Protein chains: 2
Amino acid sequence: MAMAAQPEHRQPIEEPWCVTTPKRPTDDHAAGEWLKSVGTALDVLECFAADTELGVSDIARRLGIAKSTAHRVLTTLGSRGMVEQNPDNGQYRLGIHLYELGQLAHARNGLRHAALPVMREVCRSTGFTVNLSVPDGPDVVFVERLVTQDSGRLLGHTGRRLPAHCTSSGKAIAAHNPKAADARLKAGFPPRASHTIRSAADWTAILDHVRKVGHAVSHSESFEGATSLAVPVFDRSHTAIAAISVFGPTDLMRPDIERVVPLLTAAARRISKALGA
Amino acid sequence: MAMAAQPEHRQPIEEPWCVTTPKRPTDDHAAGEWLKSVGTALDVLECFAADTELGVSDIARRLGIAKSTAHRVLTTLGSRGMVEQNPDNGQYRLGIHLYELGQLAHARNGLRHAALPVMREVCRSTGFTVNLSVPDGPDVVFVERLVTQDSGRLLGHTGRRLPAHCTSSGKAIAAHNPKAADARLKAGFPPRASHTIRSAADWTAILDHVRKVGHAVSHSESFEGATSLAVPVFDRSHTAIAAISVFGPTDLMRPDIERVVPLLTAAARRISKALGA
DNA sequence: ACCAGTGTTCCGTTCAGTGGAACGCATGGG
DNA sequence: CCCATGCGTTCCACTGAACGGAACACTGGT
């Protein structure tokens, strides 16, 4: 059975109310894609990652396609509820059915089911916000989160994507997942906060260190004044396929790190075991 | 500006561990669709509503398309992370990026933002599970839920779709939303539990009653031994665009209904006002 | 009244999506 | 042990479906 196409690199989704990010109007959707119209349909959906509401002309411009094409794609997507039209101004936004299918993918995530009880225990025993994240290209995606305090507002909603090099989870995973590490190397190291990793040399050095100590820490690498601590979760082949992490304000977290590391390590091991490692 | 195509009727998504539902392999995706390949791509995604994991041949059979076509669609969807392949058996399942986009749609839902603080208040003052749902064709989709006790397991995950005629939310909405009421009339009244509405006559009679008293109740219409109570949320044009509801075991809920009705009614009014009604 | 913008519709060209057949690889029963 | 049967994948010639450009109806601002 030959290898299927790998997902291409995607830009982390940024909310308007979060840090904004340069868009990539002309994507390199040449590699590993075979159905052009389906590809443009997905490109159209991707447009809404950057802006909540877009018009036909907006999208056509952004994707470099004819207005009629964009319109055809949007009505097709709309007929299935993947996008919906604002009756006031005629613009389009992401639809409910996308949410429906997304929740289905979420509810069926086996990793998440294995991790949830352990995460609850960690949340209780540490008092910090606990995250579960998985690698996707050069980024990590947060799959589950148990919130304490109101660090939820800072992190944004779950399902959010962050570059691997500015999260402890990303470092924990990349340290034991060459594909994730390489993907980030290729994607570069754009800074996000005062202490974000900025070079490939730093990246590989940090990964070495993570391998040595077994966990990853980040202070103000993604959000100013926030600290997180992550431990990788392994599959059968000893590759990191996820990370469990705790997150909180630096001044609250720093004194507790020594206490939390063994708890988190034990938690990650339990999850790995549940997955058959 | 002419009317865009309306979403066609979709079958409620049923989990394997919930009540199963007859599938519709040959869908009537003739009406209101223009891009065939995009249409089949969405059909492919829809296949995963019924089953968590499917192979290329499965999908080809189910959709009545060539295996090569199904494969092409799946690899295209896979290259964008909308589906992913189980490396063990080569089968496909829904992908993370679907979850990502779905969460984005969720996070941007204005209705939800308006409703959340009110829902929290209702949850606190009643002690029951609180739901927010919106109409979609002949069904309602649960958009947000604040869980008390463990009624969460019974209801399944948010984002789930239930036929309008067997939920209090559906009745509350349909009573003040002709389009939703008609869509359910056309779709019929399949029974789900002992007290599910079974005829068009009952349906219209119930809707009349709901209009009179201002709220809708259901006992064992969708889940045996469960009761829910719903009040519609209106938009500017006095059309119901959502419902807020409380849910719980019948023996716990029944004695409290009189107490909860005014609380829920006030909550719905607050949400409607926030939306500019 | 104009103009610039929108979303929508129509139409002829051509290119891209189609199905069928063949491939290589697993699995399992005779 | 090998053959049959299933899988996911690849290749290819044909044709119909997706494309862009132009015209449409409509809106809001000047």
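Only this structure's heavy atoms are used, side chains among them; waters, hydrogens and symmetry mates stay out. Note that the structure is predicted; figures quoted are calculated from it, not measured. Just so we're on the same page: letters track the sequence lines, and every chain starts at 1.
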Fill in the blank from the handout: Assign each of B/I65 and A/Q91 the nucleotide of DNA chain C bearing its closest heavy atom; nearer the 5' end lies the nucleotide of A/Q91
Problem - From C/dG19, D/dC7, C/dA16, nucleotide with atom closest to A/K36 side chain - result: C/dA16
Problem - Spacing between A/D88 atom CG and D/dC26 atom P, to the nearest angstrom - result: 19 Å
Practice task
Verify the distance criterion only: is there a donor paired with an acceptor across the side chains of A/H106 and A/R112 at less than 3.5 Å?
Solution key: yes
Exercise for the section: Round to a whole Å and report the spacing from NE2 of B/H71 to C1' of C/dG20. Expected result: 16 Å
Problem - B/D235/B/L275 under side-chain contact (heavy atoms from CB on, under 4.5 Å): CA gap, chis, key distance, verdict - result: CA-CA 6 Å; B/D235 66 359; B/L275 296 173; 5.8 Å; no
Handout entry: Between D/dG8 (P) and B/Q85 (CD): distance, integer Å
Key = 9 Å
Problem - Nearest-angstrom distance from the residue atom CZ of B/R61 to P of C/dG19 - result: 15 Å
Problem - Distance below 4.0 Å between B/Y92 side-chain N/O and D/dC7 OP1 or OP2 - result: no
Practice task
To the nearest Å, give me how far apart CG (B/L77) and P (D/dG8) are.
Solution key: 15 Å
Exercise for the section: Starting from P on C/dC10, measure out to NZ on A/K67 and report it in whole angstrom. Expected result: 16 Å
Exercise for the section: Indicate whether any N or O donor in one side chain lies under 3.5 Å from an N or O acceptor in the other, for A/T158 and A/E144. Expected result: no
Problem - Short N-O contact, B/R62 and B/D51, less than 4.0 angstrom - result: yes
Exercise for the section: Name the closest nucleotide to the A/S68 side chain, picking from D/dG20, C/dT6, C/dG19. Expected result: D/dG20
Practice task
Round to a whole Å and report the spacing from CG of B/L54 to P of D/dG8.
Solution key: 10 Å
Practice task
Figure out the CZ/P separation between A/R72 and C/dT8, and round it to whole Å.
Solution key: 13 Å
